[in-house]
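Below is one structure, written out as structure tokens; comments come after it.
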Amino acid sequence: MSLLEKINKDNLPKHLAIIMDGNGRWAKQKGLLRALGHEKGTKSVRTTVETCAKIGIENLTLYAFSTENWNRPKLEVDTLMKLLLNSLKKELITLEKNNIRLNCIGNIDLLPAKAKEVLLTVIEKTKNNTRMTLTLALSYGSREELLNAVKIISEKVKNNIISIDTLDESIINEHLYTHNLPDVDLMIRTSGEHRISNFLLWQIAYAEFYFTDVLWPDFKEEDLYEAIISYQKRERRFGKTSEQIK
């Protein structure tokens, strides 16, 4: 039986999030420039997106560029922005073909003007696609997201738009970048690191985690299947006991 055949299509994560880590180390191991590692990583993105759509994942969120990544060397940041621009242009056809809607979370005002323009164009052109929502976390930091939400909610409380007595989790959810997405069910991180790195801190409250030593440029279809199979073997209790779940 193949790995794909082992997957229970009735028990897929409704929201899969991936920290795509290891591009630089992949390049270093091969004696290549880091830029080539990032370029190779875009092929893994395409494979992962198409595979998720094929098996029925409804929401896929990829950590593409964090707020902290702006602190990397200028040459690397410029390379990443160029890759983003080129990928968006090339992958529009793939998104349309696979009926995938592009979404974005993060402070995209910090992106280069041309990259932001193309990003918004692709989002607009795919807005009616229904098979899967692909969310790119760009210039994204979860603490910044939460801070922004607190500021907006505080202003609304101050102006009597929101009553402090009615403030609950649903109101916080409504003011996050991910207000149109469900909570994360499964989070994958590649490259052997075991950190969250300021990614979707609120949304992963009850997510399952899957860490793999595979570097992102080497992440293949089979690696994704193994992560989902591992997820499906777990008992998700959400604070209840095993007996209550059964």
Side-chain angles (χ1 to χ4, degrees), residues 1-23 26 40-64 87-88 90-105 122-123 125-138 140 177-178 180-193 196 199-200 203-238 245:
M1 182 184 291
S2 69
L3 289 175
L4 177 57
E5 290 172 323
K6 291 181 180 180
I7 291 177
N8 178 3
K9 296 291 183 65
D10 295 322
N11 185 27
L12 293 169
K14 286 185 171 55
H15 188 179
L16 168 63
I18 304 180
I19 300 176
M20 308 178 293
D21 196 15
N23 290 341
W26 181 90
K40 183 70 164 57
T42 61
K43 296 178 181 177
S44 295
V45 170
R46 173 183 277 192
T47 297
T48 300
V49 169
E50 290 185 331
T51 302
C52 284
K54 178 177 70 175
I55 65 176
I57 299 291
E58 296 176 7
N59 298 280
L60 171 64
T61 299
L62 302 177
Y63 204 6
S87 295
L88 286 169
K90 288 194 302 184
E91 298 305 325
L92 175 58
I93 296 173
T94 302
L95 295 174
E96 291 282 36
K97 181 183 73 175
N98 289 283
N99 192 21
I100 296 171
R101 180 175 77 93
L102 183 66
N103 183 41
C104 184
I105 56 175
V122 176
I123 289 173
K125 288 186 175 181
T126 63
K127 67 180 182 181
N128 294 320
N129 293 347
T130 57
R131 187 181 188 185
M132 184 177 82
T133 295
L134 168 63
T135 300
L136 297 181
L138 289 166
Y140 173 86
Y177 297 146
T178 55
N180 58 344
L181 297 171
D183 283 345
V184 175
D185 293 308
L186 172 63
M187 178 175 285
I188 299 171
R189 181 165 188 154
T190 59
S191 88
E193 300 292 351
I196 304 306
F199 186 43
L200 300 174
Q203 299 86 343
I204 61 172
Y206 277 101
E208 298 294 326
F209 294 89
Y210 182 86
F211 299 103
T212 173
D213 291 334
V214 176
L215 301 175
W216 180 248
D218 292 326
F219 192 79
K220 303 291 191 298
E221 201 170 321
E222 292 74 20
D223 298 304
L224 178 61
Y225 294 155
E226 287 181 355
I228 293 173
I229 290 168
S230 173
Y231 164 83
Q232 293 184 339
K233 291 178 179 177
R234 304 181 191 183
E235 182 182 69
R236 304 189 72 202
R237 298 193 297 272
F238 299 96
I245 297 297

Which atoms form the tightest heavy-atom contact between [X] and [Y], and what is the distance?
X      : Y      : result
Arg234 : Phe209 : NH1-O, 2.7 Å
Val122 : Thr126 : O-OG1, 2.9 Å
Ile196 : Ile204 : CG2-CD1, 3.7 Å
Ala207 : Val184 : CB-O, 3.4 Å
Ala17  : Leu200 : CB-CD1, 3.9 Å
Leu186 : Ala227 : CD2-O, 4.1 Å

Let me confirm one number: the [atom1]-[atom2] distance from [X] to [Y], rounded to the nearest 0.5 Å.
X      : Y      : atom1 : atom2 : result
Ile123 : Leu134 : CD1   : CG    : 10.0 Å
Leu92  : Leu102 : CG    : CG    : 9.0 Å
Met187 : Thr61  : CE    : OG1   : 8.5 Å
Asn103 : Thr178 : CG    : OG1   : 9.5 Å
Arg46  : Glu91  : CZ    : CD    : 4.0 Å
Leu4   : Ile228 : CG    : CD1   : 9.5 Å

Is there a donor-acceptor pair closer than 3.5 Å between any side-chain N or O of [X] and the backbone N or O of [Y]?
X      : Y      : result
Gln232 : Asn8   : yes
Asn129 : Ile100 : yes
Asp218 : Val214 : no

Discussion item. A side-chain contact here means heavy atoms from C-beta on lying under 4.5 Å apart; do Ile7 and Ile229 qualify?
Written reply: yes

Worksheet entry | All side-chain contact (heavy atoms from CB on, under 4.5 Å) counterparts of Ser87, not counting sequence neighbours |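 By the side-chain contact (heavy atoms from CB on, under 4.5 Å) rule, Ser87 matches Thr42.
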
Worksheet item: Which residues pass the salt bridge (Lys or Arg N to Asp or Glu O under 4.0 Å) test with Glu226, sequence neighbours left out?
Response: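 Here no residue qualifies.
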
Worksheet item: Do the rings of Phe199 and Tyr140 sit parallel, tilted or perpendicular, given the 30° and 60° boundaries?
Response: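 The rings of Phe199 and Tyr140 stand perpendicular, inter-plane angle above 60°.
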
Worksheet entry | Val45, Asp223, Asp21 screened by side-chain contact (heavy atoms from CB on, under 4.5 Å) with Trp216, the one that passes |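 When side-chain contact (heavy atoms from CB on, under 4.5 Å) is applied between Trp216 and each of Val45, Asp223, Asp21, only Val45 qualifies.
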
Let me check something: any side-chain donor-acceptor pairs from residues 47-60 under 3.5 Å, sequence neighbours excluded? List them with distances.
{"from": "Thr47", "atom 1": "OG1", "to": "Lys43", "atom 2": "O", "distance (Å)": "3.1"}
{"from": "Thr48", "atom 1": "OG1", "to": "Ser44", "atom 2": "O", "distance (Å)": "2.8"}
{"from": "Thr51", "atom 1": "OG1", "to": "Thr47", "atom 2": "O", "distance (Å)": "2.7"}
{"from": "Lys54", "atom 1": "NZ", "to": "Glu221", "atom 2": "OE2", "distance (Å)": "2.7"}
{"from": "Lys54", "atom 1": "NZ", "to": "Tyr225", "atom 2": "OH", "distance (Å)": "3.3"}
{"from": "Asn59", "atom 1": "ND2", "to": "Lys14", "atom 2": "O", "distance (Å)": "3.1"}

